[in-house]
Amino acid sequence: MTGKEYLERLRRMRRTVNLLQENYNILKGDIYSLKAIDYSKTRVSGSHASDSMADLIAVLDEQKKELTKEWASYIKLRAEATRYISLVNNQDYRMMLMMRYVNNKSWYAISKCIGYERTQTYRIHKEAINDFEEKFNEITKMEQNGTSKCDIV
């Protein structure tokens with residue numbers, strides 16, 4: 001895996017977590033909007049209204065577990081990527097990589113923040129990626145030689 005692929009993995013994972021969060025919120029809203037069961041009415045034999053509500057709550061609970069698991073994975077990867085990016089010596093490059101990959105900013109937002117035109121922003125990004133690739137390759141080689149990530153960062 002290249003350094004750029006590693007950073008893109010972080011962006012994809014954030015989009016996945018956002019999608020799961022959105023799906024969870026929609027399901028939760030749908031379940032909460034269902035009418036409550038009226039227990040004052042006579043119970044009809046064979047009615048499974050409470051069972052179906054319990055099933056829906058179970059589905060919601062499963063989605064919440066999956067969402068929590070994905071968030072945990074994303075947060076770990078984000079922390080690791082932040083440590084790796086901090087190894088880049090050039091402050092402008094670090095800022096560019098943090099905005100794009102850790103904070104998931106758009107090219108428009110990045111170019112506005114750093115005060116350059118978009119084409120200049122792309123050029124700086126390319127240089128930042130090249131610098132990061134060198135650091136990432138060093139880390140990968142050290143890991144293959146048995147050096148732990150704690151020894152690197």
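All residue numbers refer to positions in the sequence shown, counting from 1.
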Peer 1: Any chance you could measure Thr82, atom OG1, to Leu97, atom CG, to the nearest 0.5 Å?
Peer 2: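 The distance works out to 10.5 Å.
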Peer 1: Look up atom CD1 in Ile124 and atom CE in Met95, then write down how far apart they are to the nearest 0.5 Å.
Peer 2: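 Output value for this atom pair is 8.0 Å.
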Peer 1: How would you list, by chain and number, every residue that makes a side-chain contact (heavy atoms from CB on, under 4.5 Å) with Ala72, sequence neighbours excluded?
Peer 2: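 In terms of side-chain contact (heavy atoms from CB on, under 4.5 Å), with neighbours along the sequence ignored, Ala72 is linked to no residue.
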Peer 1: Are any of the side-chain heavy atoms of Leu77 and Glu80 separated by less than 4.5 Å?
Peer 2: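 Yes, their side chains come closer than 4.5 Å.
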Peer 1: List for me each residue that meets side chain to side chain donor-acceptor pair (under 3.5 Å) alongside Trp107, sequence neighbours excluded, and say none if there are none.
Peer 2: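 Per chain and number, Trp107 pairs via side chain to side chain donor-acceptor pair (under 3.5 Å) with no residue.
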Peer 1: Taking salt bridge (Lys or Arg N to Asp or Glu O under 4.0 Å) as the test, write out the residues that go with Glu62, two or more places apart.
Peer 2: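 Residues passing salt bridge (Lys or Arg N to Asp or Glu O under 4.0 Å) with Glu62: Lys65.
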Peer 1: According to salt bridge (Lys or Arg N to Asp or Glu O under 4.0 Å), does anything in residues 89-103 pair up with another residue at least two apart or in another chain? List the pairs.
Peer 2: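 Non-adjacent pairs meeting salt bridge (Lys or Arg N to Asp or Glu O under 4.0 Å): zero.
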Peer 1: Return the CG to CZ distance between Leu7 and Phe132, rounded to the nearest 0.5 Å.
Peer 2: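 Going from the CG atom of Leu7 to the CZ atom of Phe132 covers 4.0 Å.
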Peer 1: Within a strict 4.5 Å, meaning less than it, do heavy atoms of the Thr140 and Met1 side chains meet?
Peer 2: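 Result no, sub-4.5 Å side-chain heavy-atom pair not found.
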Peer 1: Going from CD on Gln21 to OG1 on Thr68, what distance comes out if it is rounded to the nearest 0.5 angstrom?
Peer 2: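 One gets 8.5 Å once the value is rounded to the nearest 0.5 Å.
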Peer 1: Indicate, with yes or no, if Leu56 and Leu20 share a hydrophobic cluster defined by side-chain heavy-atom contacts under 4.5 Å among Ile, Leu, Val, Met, Phe, Trp and Tyr.
Peer 2: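 The answer is yes; both residues are in one hydrophobic cluster.
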Peer 1: Residues in side-chain contact (heavy atoms from CB on, under 4.5 Å) with Thr2, at least two apart?
Peer 2: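 Checked Thr2 against side-chain contact (heavy atoms from CB on, under 4.5 Å); matches are Lys4, Glu5, Glu133.
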Peer 1: With sequence neighbours left out, what residues match Tyr6 under ring-ring contact (aromatic ring centres under 6.0 Å, His included)?
Peer 2: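 ring-ring contact (aromatic ring centres under 6.0 Å, His included) check on Tyr6 returns Tyr84, Phe136.
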Peer 1: Do His125 and Tyr116 make the cut of ring centroids closer than 6.0 angstrom?
Peer 2: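 No; Tyr116 has its ring centre 6.0 Å or more from that of His125.
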Peer 1: Should Ile75 and Leu19 be regarded as members of a common hydrophobic cluster, given that ILVMFWY residues are connected when their side-chain heavy atoms come within less than 4.5 Å of each other, either directly or indirectly?
Peer 2: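 Unlinked, Ile75 and Leu19 end up in two clusters.
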Peer 1: Measuring from Tyr101:OH to Ile85:CD1, what's the distance to the nearest 0.5 Å?
Peer 2: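 It is 9.0 Å, given to the nearest 0.5 Å.
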Peer 1: Quick one: which residue pairs count as a salt bridge (Lys or Arg N to Asp or Glu O under 4.0 Å) with a foot in residues 110-131, not counting sequence neighbours?
Peer 2: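 For residues 110-131: Arg123-Glu127.
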Peer 1: Do the non-hydrogen side-chain atoms of Val102 and Leu10 ever get within less than 4.5 Å of each other?
Peer 2: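 Sidechains of Leu10 and Val102: in contact.
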Peer 1: Could you state the interatomic distance from CG (Asn89) to CD (Glu134), rounded to the nearest 0.5 Å?
Peer 2: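 Between atom CG of Asn89 and atom CD of Glu134 there are 9.5 Å.
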Peer 1: Taking side chain as C-beta onward, heavy atoms only, is Leu67 less than 4.5 Å from Asn23?
Peer 2: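 Side chain of Leu67 against side chain of Asn23, heavy atoms only: no contact under 4.5 Å found.
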Peer 1: Leu60: what forms a side-chain contact (heavy atoms from CB on, under 4.5 Å) with it, not counting sequence neighbours?
Peer 2: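 Checked Leu60 against side-chain contact (heavy atoms from CB on, under 4.5 Å); matches are Tyr24, Leu27, Lys28, Ile31.
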Peer 1: Can you tell me which residue pairs pass the salt bridge (Lys or Arg N to Asp or Glu O under 4.0 Å) test with a partner in residues 8-19, sequence neighbours excluded?
Peer 2: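 Residue pairs passing salt bridge (Lys or Arg N to Asp or Glu O under 4.0 Å), neighbours aside: none found.
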Peer 1: In chain order, what residues pass the side-chain contact (heavy atoms from CB on, under 4.5 Å) check against Asn103, with sequence neighbours excluded?
Peer 2: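 Scan of Asn103 (side-chain contact (heavy atoms from CB on, under 4.5 Å), adjacent residues dropped) gives Arg78, Lys105.
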Peer 1: How close do Ser111 and Thr121 get, heavy atom to heavy atom, and via which atoms?
Peer 2: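 The pair with the smallest heavy-atom distance is CB-OG1, 3.1 Å.
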